[in-house]
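Residue numbering restarts at 1 for every chain, and letters A, B, ... go by the order of the sequence lines.
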Protein chains: 2
Amino acid sequence: MASFKILLVEDDLNLGQILNEYLTVKGYETKLCRDGDEGVKAFKREAFDLCLFDVMLPKKDGFSMAKEIRREDKVTPIIFLTAKSMKEDTIEGFKIGGDDYITKPFSMEELLLRIQAILRRTAEKNPQISDQKIFEFGSFKFDYDKQILSRPGSEEVRLTSKESELLRLLCLHVNQPLDRSTALKIIWRDDSYFNARSMDVYIAKLRKMLKDDESVQIITIHGSGFKLITEGQIA
Amino acid sequence: MASFKILLVEDDLNLGQILNEYLTVKGYETKLCRDGDEGVKAFKREAFDLCLFDVMLPKKDGFSMAKEIRREDKVTPIIFLTAKSMKEDTIEGFKIGGDDYITKPFSMEELLLRIQAILRRTAEKNPQISDQKIFEFGSFKFDYDKQILSRPGSEEVRLTSKESELLRLLCLHVNQPLDRSTALKIIWRDDSYFNARSMDVYIAKLRKMLKDDESVQIITIHGSGFKLITEGQIA
DNA sequence: AAAGGCTGGTTAAATCATGTTAATTTTTGT
DNA sequence: ACAAAAATTAACATGATTTAACCAGCCTTT
């Protein structure tokens with residue numbers, strides 16, 4: 001993963017600016033939203049590694065955002081920025097919840113430490129970040145780095161980078177569903193109408209390349225995604 | 001199973017909010033209802049893995065809800081939230097009944113531990129969660145992963161994902177009834193009028209596919225559900 | 001057993017998601 | 001700046017799922 005991407009939702013223009021710049025300087029990619037609705041919308045479109053939500057927000061407060069996001073995504077860590085006046089028990093709940101909170105006013109340094117700690121913790125168990133380079137399935141061998149798909153008895157096929165990205169994701173999920181939106185957010189960085197159509201085009205291309213081996217197929221799971229199925233083991 | 005779904009019934013707005021948010025953040029899907037009637041209605045419409053009922057509730061108290069639910073469903077675990085003043089023996093009864101109770105005030109952490117313990121216990125013996133992929137009945141072979149129904153001497157039939165889901169459920173219950181509402185809640189996530197009509201359409205499609213082998217049939221159990229019957233064993 | 005209500009069966013139409021191919025735009029390599 | 005490759009957009013085709021409309025059968029009531 002190139003660099004971590006943080007979704008920052010803060011309505012105070014001033015604080016928002018400062019946080020944004022600070023995190024950018026520290027090497028994080030950030031997206032700043034001003035209210036809860038915007039924030040949730042951004043989360044659904046793009047892939048983030050961490051969320052930083054002010055609790056008091058116009059349109060939709062930080063906790064409601066978390067609730068909405070957790071319906072689809074159980075893992076992305078969320079840090080809440082809370083005012084001191086907040087009731088202890090509410091806060092306690094979230095503290096234990098694997099997510100974190102930080103009370104205003106806070107030092108940038110403290111925030112950064114927490115962010116780093118959480119990212120370190122979650123990065124360890126994130127299966128998405130796999131560095132597997134070579135995949136074998138059915139009679140195929142796919143070299144992700146070299147972007148080559150080969151099969152005994154046939155010519156090697158050189159893949160484009162988008163083709164490779166998509167095939168790699170499918171391979172990482174062999175015999176289990178790959179969610180459309182997940183794939184779009186990972187490969188295209190953005191789940192939008194046109195990117196989705198683009199992905200369909202690539203699925204068609206991959207199917208064409210795989211058609212010679214019947215034991216390997218990309219099946220569609222209507223309304224949800226795709227699945228690369230194969231009998232043989234994967235290496 | 002993607003994630004566990006909890007039905008939470010609590011009339012205290014504040015506590016309800018907190019519990020709801022806490023559980024959501026902990027990765028559970030939740031539905032919050034404010035009174036007993038609402039709660040029972042929700043349970044009949046949607047599928048839940050666990051119930052969390054306040055005992056003192058408007059419209060219908062927690063114990064009455066449990067009684068009503070147990071008429072149709074004997075397994076879904078129920079945890080009661082009781083005030084300290086509650087008589088010990090009342091509580092004892094429910095405790096022995098396989099369900100659990102927790103006395104207010106309680107810590108979120110304790111509640112979570114109990115929830116996890118119960119879900120772990122019940123998940124083990126839940127037949128719904130079966131990972132069987134290939135089913136054979138009559139002269140048919142059905143591959144759920146590949147979404148293919150085949151029969152010696154005939155062309156393979158490619159199923160759509162909804163068709164596969166439904167056929168799989170029927171297979172998991174061969175020669176025993178599959179409840180309409182159960183199937184709807186599992187496949188469509190929601191037992192509603194239109195989904196029920198949709199399911200009937202799919203039953204018709206499946207019957208058409210199975211019609212060549214007389215030894216296999218989907219029979220209707222009026223007012224309750226369907227049953228896939230077959231003489232041969234299932235593999 | 002006839003009537004009426006309710007549940008399920010069947011088919012077709014409407015809607016929405018995905019598949020396919022080609023045209024267009026963008027990027028890359030030279 | 002040009003040609004070639006890659007990626008996106010467009011346009012159209014197909015397919016899956018839901019909704020609708022209507023029919024048939026079961027079950028209850030009388």
Side-chain angles (χ1 to χ4, degrees), chain A residues 44-45 144 146-149 156-170 177-211 217-229, chain B residues 44 144 146-149 155-170 177-211 217-229:
Chain A
K44 289 189 177 168
R45 278 176 58 95
Y144 170 63
K146 294 191 183 154
Q147 307 192 169
I148 285 176
L149 178 68
E156 282 186 347
V157 184
R158 312 178 68 118
L159 305 183
T160 72
S161 39
K162 279 273 173 351
E163 286 161 0
S164 298
E165 296 288 342
L166 185 52
L167 183 54
R168 169 172 163 271
L169 266 196
L170 285 165
L178 168 64
D179 183 68
R180 284 183 80 90
S181 175
T182 305
L184 283 165
K185 290 198 277 195
I186 292 175
I187 301 177
W188 277 266
R189 316 282 299 163
D190 193 326
D191 177 354
S192 71
Y193 173 79
F194 286 119
N195 287 340
R197 304 327 326 285
S198 202
M199 174 157 121
D200 288 332
V201 170
Y202 280 98
I203 287 288
K205 291 184 183 181
L206 290 180
R207 281 188 172 134
K208 217 169 271 174
M209 295 175 195
L210 301 177
K211 71 173 183 313
Q217 286 187 55
I218 298 172
I219 65 166
T220 98
I221 306 165
H222 193 100
S224 129
F226 299 96
K227 184 156 70 168
L228 176 70
I229 54 170
Chain B
K44 289 190 177 169
Y144 170 65
K146 293 194 184 164
Q147 308 189 165
I148 285 175
L149 178 68
E155 288 256 320
E156 281 186 348
V157 184
R158 310 177 69 121
L159 306 182
T160 72
S161 31
K162 279 268 163 22
E163 286 161 0
S164 299
E165 296 287 342
L166 185 52
L167 183 53
R168 168 172 163 272
L169 266 196
L170 285 164
L178 168 64
D179 183 68
R180 283 183 79 88
S181 176
T182 306
L184 283 165
K185 290 196 277 194
I186 292 175
I187 301 177
W188 278 266
R189 319 275 304 160
D190 194 326
D191 178 354
S192 71
Y193 173 78
F194 285 120
N195 287 341
R197 303 332 322 286
S198 203
M199 174 158 121
D200 289 333
V201 171
Y202 279 98
I203 287 288
K205 290 185 184 182
L206 290 181
R207 282 187 171 134
K208 220 168 267 174
M209 294 176 196
L210 301 177
K211 71 174 181 316
Q217 285 188 56
I218 298 172
I219 64 169
T220 304
I221 306 165
H222 193 96
S224 128
F226 300 97
K227 182 153 70 166
L228 176 70
I229 53 170

A.B. asks: Any idea which of D:dT17, C:dT18, C:dG9 is nearest the B:Lys205 side chain?
C.D. replies: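 Of all the options, the side chain of B:Lys205 is nearest to D:dT17.
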A.B. asks: Would you call B:Asp200 and B:Arg180 a salt bridge, using N to O less than 4.0 angstrom?
C.D. replies: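 Yes, charged N to carboxylate O under 4.0 Å.
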A.B. asks: Consider only side-chain N and O atoms of B:Tyr202 and B:Glu165, and report whether a donor and an acceptor are under 3.5 Å apart.
C.D. replies: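 Distance-only check fails for B:Tyr202 and B:Glu165.
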A.B. asks: Given atom CG of B:Leu206 and atom C1' of D:dA16, what is their separation to the nearest angstrom?
C.D. replies: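 From B:Leu206 CG to D:dA16 C1': 14 Å.
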A.B. asks: Would you please confirm or rule out a distance under 4.0 Å between OP1 or OP2 of D:dA7 and any side-chain N or O of A:Ser161?
C.D. replies: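 For A:Ser161, the contact criterion (side-chain N or O under 4.0 Å from OP1 or OP2 of D:dA7) is met.
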A.B. asks: Hey, does the side chain of B:Gln147 reach the backbone of B:Arg158 with a donor-acceptor pair shorter than 3.5 angstrom?
C.D. replies: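 Pair absent, no side-chain N/O of B:Gln147 close to backbone of B:Arg158.
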A.B. asks: Nearest-Å distance, CD1 (B:Ile221) to P (D:dC26)?
C.D. replies: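 Taking CD1 of B:Ile221 and P of D:dC26, I get 14 Å after rounding.
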A.B. asks: From CE of B:Met199 over to P of C:dT10, roughly how many Å is that when rounded to an integer?
C.D. replies: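 After rounding, the gap between these two atoms is 14 Å.
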A.B. asks: For the side chain of A:His222, starting at C-beta, report the closest nucleotide among D:dT8, C:dT18, D:dA20.
C.D. replies: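 My answer, after comparing the listed nucleotides, is C:dT18.
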A.B. asks: Looking at A:Arg45 and A:Asp190, is any side-chain nitrogen of the basic one under 4.0 Å from a carboxylate oxygen of the acidic one?
C.D. replies: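 A salt bridge is present here (some side-chain N lies under 4.0 Å from a carboxylate O).
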A.B. asks: Rounded to the nearest Å, what distance is computed from the CZ atom of residue A:Phe194 to the P atom of nucleotide C:dG19?
C.D. replies: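 Spelled out: CZ on A:Phe194 to P on C:dG19 is 18 Å.
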A.B. asks: Within the structure provided, determine whether B:Leu149 and B:Leu210 are in side-chain contact (heavy-atom separation under 4.5 Å).
C.D. replies: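 Yes. Closest side-chain heavy atoms under 4.5 Å.
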A.B. asks: Are any of A:Thr160's side-chain N or O atoms less than 4.0 Å away from OP1 or OP2 of D:dA7?
C.D. replies: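 A:Thr160 to D:dA7 OP1/OP2: side-chain N or O found under 4.0 Å.
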A.B. asks: Which nucleotide wins on minimum distance to the side chain of B:Tyr202, given the candidates D:dT8, D:dT17, C:dT18?
C.D. replies: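 Looking only at heavy atoms from C-beta outward on B:Tyr202, the closest nucleotide is D:dT17.
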A.B. asks: Kindly say if A:Thr220 contacts the phosphate of C:dA17, meaning a side-chain N or O under 4.0 Å from OP1 or OP2.
C.D. replies: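 Answer no for this pair, as no side-chain N or O of A:Thr220 is under 4.0 Å from OP1 or OP2.
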A.B. asks: Should B:Trp188 be listed as having a side-chain N or O under 4.0 Å from OP1 or OP2 of D:dT18?
C.D. replies: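 Affirmative; the distance criterion is met.
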A.B. asks: Look at all strands and tell whether A:Phe226 reaches a base, only sugar-phosphate, or nothing, counting heavy atoms closer than 4.0 Å.
C.D. replies: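 Answer is sugar-phosphate: A:Phe226 comes under 4.0 Å of backbone atoms only.
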A.B. asks: Please confirm whether the shortest side-chain N or O distance from A:Lys208 to OP1 or OP2 of C:dG19 is below 4.0 Å.
C.D. replies: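 Checking A:Lys208 against C:dG19: no side-chain N or O falls below 4.0 Å of OP1 or OP2.
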A.B. asks: Side-chain N or O of B:Lys162 less than 4.0 angstrom from OP1 or OP2 on D:dT18?
C.D. replies: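 Yes.
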A.B. asks: In whole angstroms, how far is the P atom of C:dT10 from the CD1 atom of B:Ile203?
C.D. replies: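 Going from B:Ile203 (CD1) to C:dT10 (P), I get 11 Å.
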A.B. asks: Rounded to whole angstroms, how far apart are CZ on B:Arg189 and P on D:dT18?
C.D. replies: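 Atom-to-atom, B:Arg189 to D:dT18, this comes out as 14 Å.
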A.B. asks: From the options C:dG8, C:dG19, D:dT17, select the nucleotide whose nearest atom is closest to the side chain of A:Arg207.
C.D. replies: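 For the A:Arg207 side chain, the nearest candidate turns out to be C:dG19.
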A.B. asks: Tell me: CG of A:Asp200 to P of D:dG15, nearest whole Å?
C.D. replies: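 Nearest whole value for this atom pair: 15 Å.
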A.B. asks: What is the distance, to the nearest angstrom, from the CZ atom on B:Arg158 to the C1' atom on D:dT14?
C.D. replies: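 Distance, rounded to whole Å: 14 Å.
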A.B. asks: Using a cut-off of less than 4.0 Å, is there contact between a side-chain N or O of B:Arg197 and OP1 or OP2 of D:dA20?
C.D. replies: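 So the side-chain polar atoms of B:Arg197 never come under 4.0 Å of the phosphate oxygens OP1 or OP2 of D:dA20.
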